Protein chains: 8
Amino acid sequence: MQLTTNLLARLGLPFEKHVISAHRMPQQLFEFGKQAKSHGFSVIIAGAGGAAHLPGMLAATTILPVIGVPIQSKALNGIDSLLSIVQMPSGIPVATTAIGAAGAKNAALLAAQILALSDDKIANQLVEFRRQQTKEAVESEQQL
Amino acid sequence: MQLTTNLLARLGLPFEKHVISAHRMPQQLFEFGKQAKSHGFSVIIAGAGGAAHLPGMLAATTILPVIGVPIQSKALNGIDSLLSIVQMPSGIPVATTAIGAAGAKNAALLAAQILALSDDKIANQLVEFRRQQTKEAVESEQQL
Amino acid sequence: MQLTTNLLARLGLPFEKHVISAHRMPQQLFEFGKQAKSHGFSVIIAGAGGAAHLPGMLAATTILPVIGVPIQSKALNGIDSLLSIVQMPSGIPVATTAIGAAGAKNAALLAAQILALSDDKIANQLVEFRRQQTKEAVESEQQL
Amino acid sequence: MQLTTNLLARLGLPFEKHVISAHRMPQQLFEFGKQAKSHGFSVIIAGAGGAAHLPGMLAATTILPVIGVPIQSKALNGIDSLLSIVQMPSGIPVATTAIGAAGAKNAALLAAQILALSDDKIANQLVEFRRQQTKEAVESEQQL
Amino acid sequence: MQLTTNLLARLGLPFEKHVISAHRMPQQLFEFGKQAKSHGFSVIIAGAGGAAHLPGMLAATTILPVIGVPIQSKALNGIDSLLSIVQMPSGIPVATTAIGAAGAKNAALLAAQILALSDDKIANQLVEFRRQQTKEAVESEQQL
Amino acid sequence: MQLTTNLLARLGLPFEKHVISAHRMPQQLFEFGKQAKSHGFSVIIAGAGGAAHLPGMLAATTILPVIGVPIQSKALNGIDSLLSIVQMPSGIPVATTAIGAAGAKNAALLAAQILALSDDKIANQLVEFRRQQTKEAVESEQQL
Amino acid sequence: MQLTTNLLARLGLPFEKHVISAHRMPQQLFEFGKQAKSHGFSVIIAGAGGAAHLPGMLAATTILPVIGVPIQSKALNGIDSLLSIVQMPSGIPVATTAIGAAGAKNAALLAAQILALSDDKIANQLVEFRRQQTKEAVESEQQL
Amino acid sequence: MQLTTNLLARLGLPFEKHVISAHRMPQQLFEFGKQAKSHGFSVIIAGAGGAAHLPGMLAATTILPVIGVPIQSKALNGIDSLLSIVQMPSGIPVATTAIGAAGAKNAALLAAQILALSDDKIANQLVEFRRQQTKEAVESEQQL
């Protein structure tokens, strides 16, 4: 999730990071989720692996958008993480991204895209981020 | 995707529905994506099955949040749809929901949760939706 | 889970059944788990499907043994339910049984086997159950 | 399975460890299972990989609770081990834990949770184990 | 397995059929396997589904060739049966055929091919069976 | 894809190589596909990994044959790449090859086989390539 | 494969259809493949299911492009067919399409796209086919 | 397959080893299979990976028992090899063993078990092999 916070920082978005283990800290999970909105959070990004219950359980306790990042697990390469996060039953959504590093980065971008709906400065940063990203891709061809 | 629009209507969210086939209408996909923001859309929900390229390609053309719903495919039950949508490379996120009906409904709820960040009326509706949902679940116990 | 309670009843084990949705009733889940031991429960059997968080989250709130039954889900036939239940991280175990009907019945038998450790009457019933089960299997050969 | 015995030792639970290969030592498997209860065992923990028949076959010979740990196999990363252990037919349950190290540790904890039903000292140890585990998780946040 | 015995009968091979449940009749499994060779059997065909332990455990008790047929299971379509049968550890082989009907028929043919090594009459029957099978396939083209 | 161009060069086929990211360069993808035929290309070979949309989206913009090569992805070993490329809906085909190195080489050979339909020189080269390939395989036996 | 021939007929492409079973008619497979080019065929489309060896073995006997269509198998829904066809080793390519009906239709289109490289009439037909296909997709929106 | 020949040598079984690539040497495959019986072979062991067609195609050309060993492939860890070998259609069986090293060794043992049906010396060797194998397993316990 370091990739997530690095990208949030690069985009200039304020964030807090917390360690919450769904299974070892259920009380903290529950309280964090219930109070997240009143504490001023806008979007929650939760990474988890294996039987990955953290994103879904946080989503059950708040109406803030929750982005779930499936961490690549040891035995099953994150397919367990992915299914545990994305296959939420009707009623409680989790916005799921890709397994591993790509998903961790994209969680930051998705959060920014959500916040950009009501913040033109972030929108402009995203437009610039995309422009730069495309420029680098195009330039990589010239080095073939 | 009928389940999505039903739920959007129930939540009182204005929406448009369009048929865009990534592979049969690439030009339309491209133009829709590029103009979505200037046309006043806030969130795009795209359902697709099999080699499901629609959500990711839309996401590549806009900075609006794109929610991808993996449709249950015939042969592989939607695991192809899911992986084609969720495994996006770093740089372009798609907020992926569950395969099939649950994902279609949750896409509407996720869109509402995103919009609720800057719209207290939608936030209140979601709180009420959740309250009702919990109430029905609790009452179902009494019918055991 | 009707198969579970039918078998518990046949074995003469007292039980309660409750509807608890991990995602729609997180508060109830949390309170049930925390109070289960003091309320006199010995074993908890929890069935869940898809992103099946109920067994693992109950296990996180109690030291009672929790038996998880993966329900056969619509799109993925319960492989999502199975991985969401069995792939628990170190520290919080869930005793997982098979997907679907066999797992629902075996959850009841596993609970009985656990209780039989300190209850000879249940142990005797299980011995008789097994004897009968073997007898029926043997007799089925005679009908070939 | 070293992780299992380490944790059993830490919890102060008496145990024996044996090498029993279902396929190379079927006679020993059979005799061990049949005599396990009369020999004073309470819970059997069996780790196996690939076509993992040991837990299920032991369970077929005893009414003691059998905990099966799927070992991470070389080619298929333990998905074969998991399915061979968890997909038991109706009538003979195996309490299955996660693939690999997490499952090995959780097997010890599950055994302890089962024994704690009739042993308050073990119950107290588990409460303390959980308290410590949560404490460490909480403290890890402070090192972010 | 009716398909197996039908084909064995068509090929004129003598056979016995038995119901042996690995988990409900472990004693019978064990005794059948140990005595199969002295009782005059040449090849054992065992069908099993889910956590399919019958073929491997029979193979562990005899040096007769054991053919395992993975039965199509309800939830996982026989992928669990296949892996439980084919992924045997080094030392005890099981000759595995396809999941379901094709595997049931091919088990009979494989047994015949094995017996044909020392029985020219069976070999001739197999040659004729193949000739007929090819003829029917060729003729099916003429009906296009 | 270096393996592809190496083999194209060895076969003496003229080619261009380009970097086109479906998600970072959608505009370029779109324009390249639409103009490929008029620019004189005959066959397009596109490698992509994860949610691999490049081959299918190129195929949607041209009637030239498009060969898709699933790149071995980090978490899921290319099964996501394969399904994203091969499971195209009716109407827009992608000629898919194997995951990874074998697929990259075979894409070059498939392109050559397509071009050989109207170019006897390429056909002769392929016949010679195959003859040599078989010769090397046969000779490898002599080194056993 | 009826879907394939229907579409070939609609596109006005001449074709022959044959029944060749890789396993029941290996001699015919071998001879057909070796003579296909001299018999005037340009492209071979082969559908097969389960352990689907037909496309790959045909490809091994000819330098004509071979298109493989994975038929949806009973137990494994065609994932076995797909992997048996697409995962060809380096040296012998098979142009693989989607599992089932979509793949059967796309095989015809892919063959047409290959032939169109040297036949402007076919190219024009494909352009018209695509135009019509897009038109129908666009019109379906108006019926929402 | 070195593991196979090592074990065949240890068991004193005469064997030949050949390199036959199904796709690079189809002519040789075809001729080897058709002549294998008249050349005095009794059992054929064929290892193959990926789209593994060798065992099935050999089986299609002979009535000798064919044992297929799925080699662990690079991208998919041999699940493609396994399905390509085991999922044979009705009519042509392949006796499939485990993926990788265990399957390679067990192929040798299975061949020996087949030959032992009409050769008491081989049968005695297998009994001794098993006795030794069990002894080593039992002794490994004493080193715990």
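Chain letters run A, B, ... following the sequence lines, proteins first, then strands; residues in each count from 1. As the structure is a computational prediction, the values presented were derived from the model and not from experiment.
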Please look at [X] and chain H and tell me whether the side chain, the backbone, both or neither of the residue comes under 4.5 angstrom of a heavy atom of that chain.
X: Ala60(E); answer: backbone
X: Gln87(E); answer: both
X: Thr62(E); answer: backbone

* Asked: Where on Ala107(H) is there a heavy atom nearer than 4.5 Å to chain E: the side chain, the backbone, both, or neither?
  ->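 For Ala107(H), neither part sits under 4.5 Å from chain E.
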Interatomic spacing from [atom1] in [X] to [atom2] in [Y] - rounded to 0.5 Å:
X: Ile99(H); Y: Leu83(E); atom1: CD1; atom2: CG; result: 7.5 Å
X: Ile114(H); Y: Leu64(E); atom1: CD1; atom2: CG; result: 11.5 Å
X: Leu117(E); Y: Asp119(H); atom1: CG; atom2: CG; result: 12.0 Å
X: Ser90(E); Y: Leu7(H); atom1: OG; atom2: CG; result: 7.5 Å

* Which one, Val66(H), Val43(H), Leu109(H), Val94(H), leads in non-hydrogen pairs under 4.5 Å with chain E? ->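 Looking at each option in turn, the highest pair count goes to Leu109(H).
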Of all heavy-atom pairs between [X] and [Y], which one has the smallest distance, and what is that distance?
X: Gln113(E); Y: Ile63(H); result: NE2-O, 3.1 Å
X: Met88(E); Y: Ala102(H); result: O-CB, 3.7 Å
X: Lys37(E); Y: Ala123(H); result: NZ-CB, 4.3 Å

* State, with a plain yes or no, whether a side-chain heavy atom of Leu82(H) is found less than 4.5 Å away from one of Val86(E). =>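 In short, these two side chains touch, coming nearer than 4.5 Å.
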* To do: Step by step, work out the side-chain contact (heavy atoms from CB on, under 4.5 Å) result for Asn106(H) and Ile92(E).
  => CA-CA 6 Å; Asn106(H) 279 347; Ile92(E) 306 291; 5.6 Å; no
* Asked: If you tally heavy-atom pairs under 4.5 Å against chain H, which of Ser42(E), Gly68(E), Pro65(E) wins?
  -> Pro65(E)
